[in-house]
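Only one structure is covered here, and it is reproduced in the block below.
Just so we're on the same page: letters track the sequence lines, and every chain starts at 1. Values below: every heavy atom of this structure, side chains too, minus hydrogens, waters and symmetry copies. As the structure is a prediction and not an experimental result, all values here were calculated from the model.
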Protein chains: 2
Amino acid sequence: MLNGRTPSVKDVAAAAGVSLGTVSNVMNRPEVVSTRTRERVERAMADLGFVRNESARQLRAGTSRTLAYVMLDGTNPFFHDVAQGIELAAEDADLSLFICNSNSRSSREAVHLDRLLQQRVQGILITPVDPAAPHLDELTRRGVPMVIVDRVRGADSCCSVAVDDVLGGRIAVEHLAEQGHTRVAFIGGPDSIGQVRERLQGAREIWESLGRDPEDLVYLPTEAMTVAEGRSAGERLAGLPVRRRPTAAFCANDLLALGLLQQSIGAGLRVPDDLAIVGFDDIEFAAAAAVPLTSVRQPRQELGRAAAQLVLDEATNPDHRHQQLSFTPELVARASTVNRNRKI
Amino acid sequence: MLNGRTPSVKDVAAAAGVSLGTVSNVMNRPEVVSTRTRERVERAMADLGFVRNESARQLRAGTSRTLAYVMLDGTNPFFHDVAQGIELAAEDADLSLFICNSNSRSSREAVHLDRLLQQRVQGILITPVDPAAPHLDELTRRGVPMVIVDRVRGADSCCSVAVDDVLGGRIAVEHLAEQGHTRVAFIGGPDSIGQVRERLQGAREIWESLGRDPEDLVYLPTEAMTVAEGRSAGERLAGLPVRRRPTAAFCANDLLALGLLQQSIGAGLRVPDDLAIVGFDDIEFAAAAAVPLTSVRQPRQELGRAAAQLVLDEATNPDHRHQQLSFTPELVARASTVNRNRKI
DNA sequence: TACGTTCTCTGAAACATTTCAAAGATAGCC
DNA sequence: GGCTATCTTTGAAATGTTTCAGAGAACGTA
């Protein structure tokens, strides 16, 4: 009767001598079926090796059991930590998580979103290439719950979860100023990235409020936020005339900072004595660097978890209101800025 | 007529004044429909904002458009590179990739597999916690194409893709011997992990074939393959009496090596002069470490790509034969073992 | 005009599940 | 035994797509 097919509820029903509806009840409302019947059905399922067909379930029920996260850059561990936070929240809600990676390409992002729409996922979490991209509006227009992660978006068109990047920039540079540095580099880019702009803004704000000369906060733009770009920024830094050369650098993320650190040590500089370095994100490899990296910590997992909760609220709560959650970053001082052998 | 529902083929058909079948043809066999009609249908789709319901498609067509990868450890960038390779191959075949993370927990792995079975994915790629786990047999018994990545499995029960770990162990230790080291540590564990055993075996083989005393190859077992365990192994290493203390360490992966590197430098050792270090995997952060890490490179993306091709072959080719692909690892020598200021 | 070919299009059946009104069984009570 | 209330089970309808046999139209040819 089965001839090789994978068994369906119908087969289970036949084997257990009950109707389709009863088998469905055993799966979805076990409390309404008598213990005896339930056991017989469960037995039949096990014997036949029945596995529920999720497509059919979803088609009829109209609702999927998955969330999706479209991450921006798979090579940055930061996003994996965010994903891990989402995964934990999804697990609690008994949902699966679909992880996609746009690799900073807007076209790839659009392809992923289209497919997720086809899958009718319950909600989409995304760290977009460009928060203003029209394909994001498309989602909200369709009514798909969406939360922007680690970016913000104008108006209250959707929920978002981020860290106060201006504050992050302030505390990083404040820390460097406290360590006695009078000329500081800001490394990051391209400045189409909102975070870069805001971290720089925070850096400038605190710098000026400390009464320092704006000229002494040197902006070294990069093409991307990668280790390789960090190294190249290090070379440019080394190329500056000594009088103009900063004694400390604030990098817009940890990958840049690690690249800078590597290049500097390779060039014979002592960190932090010749060059102090602050990163951003506090990824695991920051602490594990040979000179452990001072960094502005974002609560990565917490970010993901909060985002997941917002998207679930939007999906299930009829009087959901969009929120823009902002977390507070925190400075983690390590050896790349603080020299233990020197009293400050 | 739509009252808020998301539009279906039926709505498109009505709007374009054609039948259901024609709309379906426009999507799946555009060549059989006349240009005029096709354009009218496409117009209607765009106007209504039609998005195909993947569940219904899959239910009827009986086949999904997704592959899945169950990775072992989301904190190790190695697996993300493998995933990236799979993703590229999937993209070529116009499939989506579902990435799950078992976090080295067998129970979590089983949950993911069960869900993937429900989704009727086309094939499963997996780096299993335990290649002998019965829930893997279950998959093959059900006829779901499966490929083991970075592990091997007895017999020819399924395809697998891996690197020759014994060889990897040999070339790592051979390199250290060439650099003049006469006492070497092997750091890795637990030895329930096949890789650890094989890399150690390779190390021992070459060591003995070079006529060295087995006593001089010191095995320092670890609890896990993490940065933290690498640091702790460093402490144990430092605790050995000087006469017994190795001057070089071969770590079973790069995370261990990075931890060891960090601990060693923190303790004032010079790398490689006081301690040379070789890692395994050649993750991106290996090259980016402050003392760039010598490592045994696995072709990570290639591994993923090959695995995806095997699983697709199994899914589509009726006379598919299981294969055990083995890639050749390659030593990448960097500053953690080779001192530029010293002639060898 | 009649006929065969080729090109388009149609509409009903099938996929595996959930849902729900209603039927049936069981038990308690007078 | 008859009645009601409660607990179980049933079976048909519905979900949105693909498939496919066959109906129609258009066209060239004899």
Side-chain angles (χ1 to χ4, degrees), chain A residues 1-42 44-45 48-66 115 117-121 142, chain B residues 1-42 44-45 48-66 115 117-121 142:
Chain A
M1 183 237 267
L2 253 74
N3 29 273
R5 275 189 312 103
T6 96
S8 71
V9 269
K10 200 192 283 186
D11 303 311
V12 173
V18 298
S19 77
L20 289 194
T22 302
V23 177
S24 175
N25 282 337
V26 168
M27 294 190 283
N28 302 302
R29 285 184 228 76
E31 69 283 2
V32 312
V33 13
S34 73
T35 318
R36 240 168 64 81
T37 322
R38 180 161 51 73
E39 279 166 359
R40 217 165 60 236
V41 171
E42 281 166 348
M45 285 178 165
L48 273 66
F50 169 78
V51 175
R52 182 216 240 112
N53 182 324
E54 174 63 21
S55 298
R57 203 216 106 254
Q58 184 172 321
L59 172 58
R60 172 61 232 218
T63 159
S64 80
R65 304 293 295 159
T66 59
R115 262 212 252 257
L117 239 34
Q118 294 187 14
Q119 305 267 6
R120 303 289 195 270
V121 292
R142 290 208 123 77
Chain B
M1 182 234 268
L2 252 74
N3 30 276
R5 274 189 311 105
T6 96
S8 71
V9 268
K10 200 190 285 188
D11 302 313
V12 174
V18 298
S19 77
L20 289 194
T22 301
V23 178
S24 175
N25 281 336
V26 168
M27 293 191 282
N28 303 301
R29 284 184 229 77
E31 69 281 2
V32 312
V33 11
S34 73
T35 318
R36 241 171 64 81
T37 324
R38 180 160 53 71
E39 279 165 358
R40 216 168 58 237
V41 171
E42 281 166 349
M45 285 178 165
L48 273 67
F50 170 77
V51 175
R52 183 216 239 109
N53 182 324
E54 176 62 22
S55 298
R57 203 216 106 256
Q58 183 170 323
L59 173 60
R60 171 61 233 218
T63 158
S64 79
R65 304 293 299 159
T66 58
R115 262 212 251 255
L117 239 34
Q118 293 188 14
Q119 306 265 5
R120 303 290 194 272
V121 293
R142 289 208 124 80

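Residues that satisfy the salt bridge (Lys or Arg N to Asp or Glu O under 4.0 Å) test with R57(B), not counting sequence neighbours, are E54(B). By the side-chain contact (heavy atoms from CB on, under 4.5 Å) test, L20(B) is found to be paired with V9(B), K10(B), A13(B), residues two or more places apart in sequence or in another chain being considered. Among residues two or more places apart in sequence or in another chain, the side-chain contact (heavy atoms from CB on, under 4.5 Å) test is passed with T66(A) by S64(A), S96(A), V121(A), F98(B), Q119(B). By the salt bridge (Lys or Arg N to Asp or Glu O under 4.0 Å) test, R115(B) is found to be paired with D94(A), residues two or more places apart in sequence or in another chain being considered. Applying the salt bridge (Lys or Arg N to Asp or Glu O under 4.0 Å) criterion to R60(A), with sequence neighbours excluded, gives no partner residue. With sequence neighbours left out, the salt bridge (Lys or Arg N to Asp or Glu O under 4.0 Å) criterion links R120(B) to no other residue.
Checking the phosphate oxygens (OP1, OP2) of dA16(C), no side-chain nitrogen or oxygen of S8(A) falls inside 4.0 Å. Close to dA16(C), at under 4.0 Å from its OP1 or OP2, lies no side-chain N or O of R120(B).
One interatomic measurement links the two molecules: CG of L59(A) to C1' of dA14(C), which rounds to 12 Å at whole-angstrom precision. Rounded to whole Å, atom C1' of dC15(C) lies 8 Å from atom CG of N53(A). In this structure, M27(A) places its CE atom 13 Å from P of dA16(C), rounding to the nearest Å. Rounded to whole Å, atom C1' of dC9(C) lies 15 Å from atom CZ of R38(B).
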Determine, step by step, whether M45(A) and V23(A) satisfy the side-chain contact (heavy atoms from CB on, under 4.5 Å) criterion, reporting the C-alpha distance in whole Å, the side-chain angles of both residues, the deciding distance to 0.1 Å, and the verdict. CA-CA 9 Å; M45(A) 285 178 165; V23(A) 177; 3.8 Å; yes
Would you check, one step at a time, whether the test side-chain contact (heavy atoms from CB on, under 4.5 Å) holds for R52(B) with V12(B)? CA-CA 11 Å; R52(B) 183 216 239 109; V12(B) 174; over 6 Å; no
Where do L59(B) and N53(A) land on the side-chain contact (heavy atoms from CB on, under 4.5 Å) test, with the steps shown first? CA-CA 8 Å; L59(B) 173 60; N53(A) 182 324; 4.3 Å; yes
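With dC9(C), dA16(C), dT10(C) as the candidates, the nucleotide lying closest to the side chain of V18(B) is dT10(C).
Residue contacts shown for T22(B) include a base, since a base heavy atom lies under 4.0 Å away. Note on S55(B): nothing from the nucleic acid sits closer than 4.0 angstrom, heavy atoms only.
Side-chain atoms of R38(B) never come within 3.5 Å of backbone atoms of V26(B) as a donor-acceptor pair (strictly under, hydrogens ignored).
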N/O contacts under 3.5 Å, protein versus nucleotides 19-25 of chain C?
unit_1, atom_1, unit_2, atom_2, d
dT19(C), OP2, R29(A), NH2, 3.1

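Taking a heavy-atom distance under 4.0 Å as the criterion, the stretch of DNA chain D touched by chain A extends 5' to 3' from dT8(D) to dG16(D).
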Throw together a table of side-chain donor-acceptor distances under 3.5 angstrom for residues 30-37 of chain A, partners on residues two or more places apart or in other chains.
unit_1, atom_1, unit_2, atom_2, d
S34(A), OG, T37(A), N, 3.4
S34(A), OG, T37(A), OG1, 2.6

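End-to-end axis angle of the helix from dT1(C)-dA30(D) to dC30(C)-dG1(D), using five pairs per end and rounding to 10°, comes to 50°.
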